2 protein chains.
Amino acid sequence: MPLRQVPPVKRGKIPAATVARLPIYYRALTQLFERGEARVSSEELAEITGVTSAKLRKDLSYLGTYGTRGVGYEVEYLRFQIAREMGLNNEWPVVIVGLGNLGRALARYGGFGSRGFQIVGLFDHDQKLVGTKVKTGKSEIEILPANDLAKATKQLKAKLGVIAVPAEVAQKVCDDLVNAGVTSILNFAPIHLVTPKGVDVRRVDLASELQILAFHEQKKIEEKTA
Amino acid sequence: MPLRQVPPVKRGKIPAATVARLPIYYRALTQLFERGEARVSSEELAEITGVTSAKLRKDLSYLGTYGTRGVGYEVEYLRFQIAREMGLNNEWPVVIVGLGNLGRALARYGGFGSRGFQIVGLFDHDQKLVGTKVKTGKSEIEILPANDLAKATKQLKAKLGVIAVPAEVAQKVCDDLVNAGVTSILNFAPIHLVTPKGVDVRRVDLASELQILAFHEQKKIEEKTA
DNA sequence: GGGGATTTGTGCTTTTCTTCACAAATCTCT
DNA sequence: AGAGATTTGTGAAGAAAAGCACAAATCCCC
């Protein structure tokens, strides 16, 4: 009986569009795994995640060849490989700046504290909030003053930061985070952040999302009238 | 002196990538307008919004020719045109389903209630929440039981729905919304929703965003070690 | 009213992403 | 052990998006 070959890890840049989908596959695989499924075909996994099977297979092919022709993919194995590729086997410390409605929701949000991430610092400018505690996934964390941001973040060795402050102060907070060694930022402020090279920023803009939907609604109405 | 020509509205499909950027331009223009700026060049607007000027001009060109060569764009005029194109001059009624941490933050979030949108209905399955009120932008709204979702939403004539419930019940909620006449859905549950044709779904996946950043961090580390 | 300085709008090129379609690999059954 | 049924992995084609570069339009100033 032939031994399983050495993991055929592929080296080479993974397209951005693919990277953006890996978390979706990962989550679906986790679900399948918890349900006790041992194997899954590209067709099934594609159906669950809402992509085409060809796209899914191509996406996975950038990571390596983890499937078996005529059979499909081993759920647990594939899940592990994606996790490894995405660095989810590490535990990433995350700081959140701004604990208004949204920031607080994020801090409490289970999905954030889940697998791979741990919220280690909360900062706010508002003196009324400083000193109060917020329940994150596992523990309670005290909100620290925004002034301590740079020092504390450096100490906590956080490389990931979440910005949930008003647009007016977002760039300032961003600069502070970068100075503190943060190199990946999730920005909820509706503004373009300027960062030095090597710092990744992803923007999540809730109002924009609604507006995009409004655009589609608008088009539906125009079609009817036309 | 020549009269300004009839608005040269262009007809034809606007690329999805462009649509996704229109809200960003719109916001920047609003800012400029409030700051009292009368004109802006593609170069300036591009800088503010973090795109290249060529891309910006091409994006705008899908809407019509609203600029003046050698001069730039009139801030107020262009802003209005984008708003019109996106349907932001209407007031869209929105319902939110699920008022946990996130749903509540969204309900309170100013940006949602802002220009173009009005939150008209809140629903939750939890009996402890039903009957309590949540301050949205302008008014206070009572949380209604999820069972009333279909009927109430139909009555409220909401075409836009926000899903902020756990993944397990998201598809059920989605079906209810669609039955109630909702044709655009903003989905915060980490799951692919199946909808009939003609219903638009946009997914905002907070955990995915962090995971994508983790991927980039991972790569930075690998580069260093390599 | 003409020349020089701007800045838009867009045809063309390049890059990135998606889809197609099929050979290669594996399994099952007899 | 071979034939038939699956299902992956991937070249190649097609579609969408981004970037380039320049003609066309406008302004300003003399």
Side-chain angles (χ1 to χ4, degrees), chain A residues 1-5 7-22 24-25 29 32 37-75 77-78 81-82 85 212, chain B residues 1-5 7-22 24-25 29 32 37-75 77-78 81-82 85 212:
Chain A
M1 194 214 273
L3 287 174
R4 174 143 208 167
Q5 294 290 355
V9 182
K10 242 183 210 174
R11 281 287 135 250
K13 264 248 278 7
I14 300 177
T18 295
V19 172
R21 283 187 294 265
L22 290 180
I24 299 173
Y25 304 148
L29 287 165
L32 289 169
E37 306 280 340
R39 285 213 277 240
V40 68
S41 70
S42 64
E43 199 64 59
E44 292 169 312
L45 190 52
E47 162 112 34
I48 295 172
T49 53
V51 302
T52 65
S53 65
K55 196 194 278 186
L56 170 58
R57 288 199 300 277
K58 180 144 280 187
D59 280 344
L60 295 181
S61 79
Y62 291 113
L63 308 188
T65 57
Y66 297 133
T68 308
R69 297 181 182 204
V71 180
Y73 301 89
E74 277 181 48
V75 171
Y77 183 61
L78 180 58
Q81 292 298 343
I82 293 180
E85 185 72 30
I212 293 168
Chain B
M1 194 214 269
L3 287 175
R4 172 144 211 167
Q5 295 289 355
V9 181
K10 242 184 207 173
R11 282 286 133 252
K13 263 249 270 12
I14 300 177
T18 295
V19 172
R21 282 187 294 265
L22 291 180
I24 299 173
Y25 304 147
L29 287 165
L32 289 168
E37 305 280 342
R39 285 213 275 238
V40 68
S41 70
S42 63
E43 199 64 61
E44 293 168 312
L45 191 52
E47 163 111 34
I48 295 172
T49 53
V51 303
T52 65
S53 64
K55 197 194 278 185
L56 170 58
R57 287 199 300 279
K58 181 148 281 189
D59 280 344
L60 295 181
S61 80
Y62 290 114
L63 309 186
T65 58
Y66 297 132
T68 309
R69 296 180 182 205
V71 181
Y73 301 88
E74 277 181 47
V75 171
Y77 183 61
L78 180 58
Q81 292 299 343
I82 293 180
E85 184 73 31
I212 293 167

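Letters A, B, ... are given to chains in the order of the sequence lines, protein chains preceding strands, and every chain is numbered from 1. Everything numeric in this text was worked out from a predicted model, so none of it was measured.
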Separation between CG of A:L56 and CG of A:L45, rounded to the nearest 0.5 Å:
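Spacing of CG (A:L56) from CG (A:L45) equals 5.0 Å.
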
Can a side chain N or O of [X] be found less than 4.0 Å away from OP1 or OP2 on [N]?
| X | N | result |
| --- | --- | --- |
| A:R21 | C:dT18 | yes |
| A:T52 | C:dT19 | yes |
| B:S42 | C:dT7 | no |

Exercise. Ignoring hydrogens and angles, answer whether the base of D:dG9 and the side-chain atoms of A:K58 contain a donor-acceptor pair closer than 3.5 Å.
Key: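 Between D:dG9 and A:K58, which were checked side chain against base, a qualifying N/O pair under 3.5 Å is absent.
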
Would you say the side chain of B:R57 and the base of C:dG9 hold a donor-acceptor pair, judged only by whether the two atoms sit under 3.5 Å apart?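 A donor-acceptor contact between them is present.
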
*Atom CD of B:E44: over 12 foreign heavy atoms under 6.0 Å*: yes

Rounded off to whole Å, could you give me the [atom1]-to-[atom2] distance for the [X] and [N] pair?
| X | N | atom1 | atom2 | answer |
| --- | --- | --- | --- | --- |
| B:Y66 | C:dG9 | OH | C1' | 14 Å |
| B:L56 | C:dT8 | CG | P | 8 Å |
| A:L78 | D:dT8 | CG | C1' | 12 Å |
| A:L60 | D:dT7 | CG | P | 16 Å |
| B:E43 | D:dG19 | CD | P | 13 Å |
| B:E74 | C:dT7 | CD | C1' | 15 Å |
| A:I14 | C:dT16 | CD1 | P | 15 Å |
| B:K55 | C:dT8 | NZ | P | 17 Å |

Checking side-chain contact (heavy atoms from CB on, under 4.5 Å) for the pair A:Q81/A:L63: CA distance, chi angles, key distance, verdict?
CA-CA 8 Å; A:Q81 292 298 343; A:L63 308 188; 5.7 Å; no

**Asked** Should A:Y73 and A:S41 be marked as a side-chain contact (heavy atoms from CB on, under 4.5 Å) after you check the CA-CA gap, both sets of side-chain angles, and the distance that decides it?
**Response** CA-CA 6 Å; A:Y73 301 89; A:S41 70; over 6 Å; no

task: Please figure out whether B:A16 or A:S41 has its closest DNA chain D nucleotide nearer the 5' end.
output: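 Its nearest nucleotide lies further toward 5', so the answer is A:S41.
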
### Message
Using side-chain heavy atoms (C-beta onward) and a distance below 4.5 Å, is A:L60 in contact with A:Y66?
### Response
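Not touching, per the 4.5 Å side-chain cut-off.
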
Proximity to the side chain of [X] - top-ranked nucleotide from [options]:
| X | options | answer |
| --- | --- | --- |
| A:Y73 | D:dT8, C:dT8, C:dT18 | D:dT8 |
| A:V71 | C:dT8, C:dT26, D:dA17 | C:dT26 |
| A:R69 | D:dT26, D:dT10, C:dA24 | C:dA24 |

Comparing A:G70 with A:D59, nearest DNA chain C nucleotide closer to 5' gives the residue A:D59

